[in-house]
Amino acid sequence: MLAGAAVLVVVAAFRGWLPPAVDHAVSVVDSVRGRELSEDATFSDTSLYVALYGHPGAPVLGSLGEQDVDAAIERAQRVARDYAGNDRPVVATFEIITTVASSSAGADGDYSNEFPEETFTPWIDAAADAGVHVVLDLQPGRDTFPSQLAEIEGLLAQPHVSLALDPEWRVGPGERPGGGRIGSVDGQEVNDTIDALDQLVRRYDLPPKMLVVHQFTDSMVTYRSIIRGTDNVTVVFQMDGFGSLDLKRRSWDRMVADLPPGALTGWKNFYDEDQPTPTPAETLAQRPAPTYVSYQ
């Protein structure tokens, strides 16, 4: 059983006094708690998460968008089954790019395209019904990760939804994403995002979540040593470089050499860019063993 239903009933009774964003998030949590959500879909640091990565309806952005939601559920479960037989439960996962970095400023000038929640709710709801975990990925452009987290609070308020940060697409004033430029984030902004996610978990009495940080160069995450998870938020650093297996392993060795205390690890495979795509056995051979594996 999911805890906190009684608390949400009390909150809902006073919903007229809540600001609109909070009111919406409470509505989302109520609707999910009213369903039979598989506990397998919530985060546990003892499980292995295997994800399709991408944006709904956009095949160019990854494997998740190459089919509709029902077919994506089936494909995610099939890919996850390839990892069965290791010593951990395997959880099929969606990693959904929720904000997409752009070379154009857009109306708000942040070089990041945002989408209405309705773009993602069918995928998040279908995942809940199927026992599939969801990770929402942010590509903020000139915006900040905490600011974009606040914009998707209603989606993150669901118990089976975690968060990913992609510093490659986080650029500073006067810069724009793409064109060979690799962005970066500093450790304090990551900690601020962790704190915001932790507060959301406590506010809605949710199960713990993971915060995935993509990294394939040292410069993508500066002052990394200060990053700390919480009791409610487990930090996972994911090596998401592509190329030959030897090249990927060298990137992995650099990434794990000085992990912050308590951080777990993740690995990313590419169907098209890797030479060839690593097998599940090759993927799980890394040390420390990855908690999170995604496929683009």
Side-chain angles (χ1 to χ4, degrees), residues 20-35 37-38 41-43 49-77 79-80 91-102 106-108 110 112-141 143 145-166 169 193 196-197 200-201 204 206-207 209-212 214 238 292 294-296:
V22 175
D23 178 57
H24 173 71
V26 171
S27 298
V28 170
V29 177
D30 282 350
S31 66
V32 172
R33 291 186 187 276
R35 293 208 302 263
L37 174 66
S38 169
T42 60
F43 174 71
Y49 294 82
V50 179
L52 297 183
Y53 171 95
H55 182 83
V60 69
L61 294 179
S63 59
L64 179 136
E66 293 176 350
Q67 58 276 302
D68 64 20
V69 61
D70 292 335
I73 291 282
E74 294 177 3
R75 183 176 180 183
Q77 292 171 333
V79 173
V91 181
T93 305
F94 285 164
E95 183 171 352
I96 302 175
I97 310 172
T98 314
T99 59
V100 181
S102 173
D108 55 7
D110 67 359
S112 179
N113 292 324
E114 298 83 18
F115 300 85
E117 290 190 356
E118 295 74 22
T119 305
F120 310 110
T121 49
W123 293 73
I124 293 172
D125 291 348
D129 293 337
V132 171
H133 195 70
V134 176
V135 178
L136 302 180
D137 183 85
L138 299 178
Q139 299 181 355
D143 203 351
F145 287 117
S147 174
Q148 290 206 329
L149 180 156
E151 294 176 3
I152 61 168
E153 181 175 303
L155 301 177
L156 288 168
Q158 302 207 37
H160 65 303
V161 178
S162 290
L163 185 66
L165 314 181
D166 199 340
W169 307 104
T193 311
L197 191 58
L200 185 147
V201 169
Y204 301 118
L206 299 169
K209 297 181 182 291
M210 64 175 157
L211 180 98
V212 178
H214 294 267
Q238 183 185 34
Y292 183 67
S294 65
Y295 283 81
Q296 181 169 338

Listed by chain and number, what are the side chain to side chain donor-acceptor pair (under 3.5 Å) partners of D110, not counting sequence neighbours?
-> none

Determine the minimum heavy-atom distance between M210 and L197, stating which atoms define it.
-> O-CD2, 4.3 Å

Closest contact, heavy atoms only, A126 versus V69 | CB-CG2, 3.7 Å

Stepwise, does the side chain to side chain contact (heavy atoms under 4.5 Å, CB included) test hold for D166 with V212?
-> CA-CA 8 Å; D166 199 340; V212 178; over 6 Å; no

Interatomic distance, Q67 atom CD to I73 atom CD1 [nearest 0.5 angstrom] = 10.5 Å

Can you tell me which residue pairs pass the salt bridge (Lys or Arg N to Asp or Glu O under 4.0 Å) test with a partner in residues 56-74, sequence neighbours excluded?
-> E66-R75

Nearest heavy-atom neighbours spanning L163 and L136 = CD1-O, 3.3 Å

List in chain and number order the residues that pass ring pair (Phe, Tyr, Trp, His ring centres under 6.0 Å) with H55, two or more places apart in sequence or in another chain; answer none if no residue qualifies.
-> F115, F120

Mind running side chain to side chain contact (heavy atoms under 4.5 Å, CB included) on H160 and I124 for me, showing each step along the way?
-> CA-CA 9 Å; H160 65 303; I124 293 172; 3.5 Å; yes

Q158: which of T42, V134, L206, D125 passes side-chain contact (heavy atoms from CB on, under 4.5 Å) = D125

Taking the side chain as every heavy atom from C-beta outward, state whether E114 and I152 have any pair of such atoms under 4.5 Å apart.
-> no

Once you round to the nearest 0.5 Å, how far does CG of D137 lie from CH2 of W169?
-> 11.0 Å

For A80, check side chain to side chain contact (heavy atoms under 4.5 Å, CB included) against everything at least two apart and list the hits.
-> V50, V90, A92

Pairwise salt bridge (Lys or Arg N to Asp or Glu O under 4.0 Å) hits with a residue in residues 51-62, at least two apart = none

Y49 meets the ring pair (Phe, Tyr, Trp, His ring centres under 6.0 Å) criterion, sequence neighbours left out, with F43, H133

For L61 and Y53, work out which heavy atoms get closest and say how close.
-> O-CE2, 3.6 Å

Would you list the atom pairs, donor with acceptor, under 3.5 Å between side chains in residues 93-102 and any protein atom, with sequence neighbours excluded?
residue : atom : partner : partner atom : Å
T93     : OG1  : V91     : O            : 3.0
E95     : OE1  : Y292    : OH           : 2.6
E95     : OE2  : H214    : NE2          : 2.8
T98     : OG1  : I96     : O            : 3.1
T99     : OG1  : Q139    : N            : 3.0
T99     : OG1  : Q148    : OE1          : 2.7
S102    : OG   : S104    : N            : 3.0
S102    : OG   : S104    : O            : 3.3

Looking only at heavy atoms, what is the nearest atom pair of A41 and G131, with distance?
-> CB-C, 3.7 Å

Kindly write out the residues that satisfy side chain to side chain donor-acceptor pair (under 3.5 Å) with S147, not counting sequence neighbours, or none if the list is empty.
-> D143

Considering all heavy atoms, the nearest L156-K209 contact = O-NZ, 2.9 Å

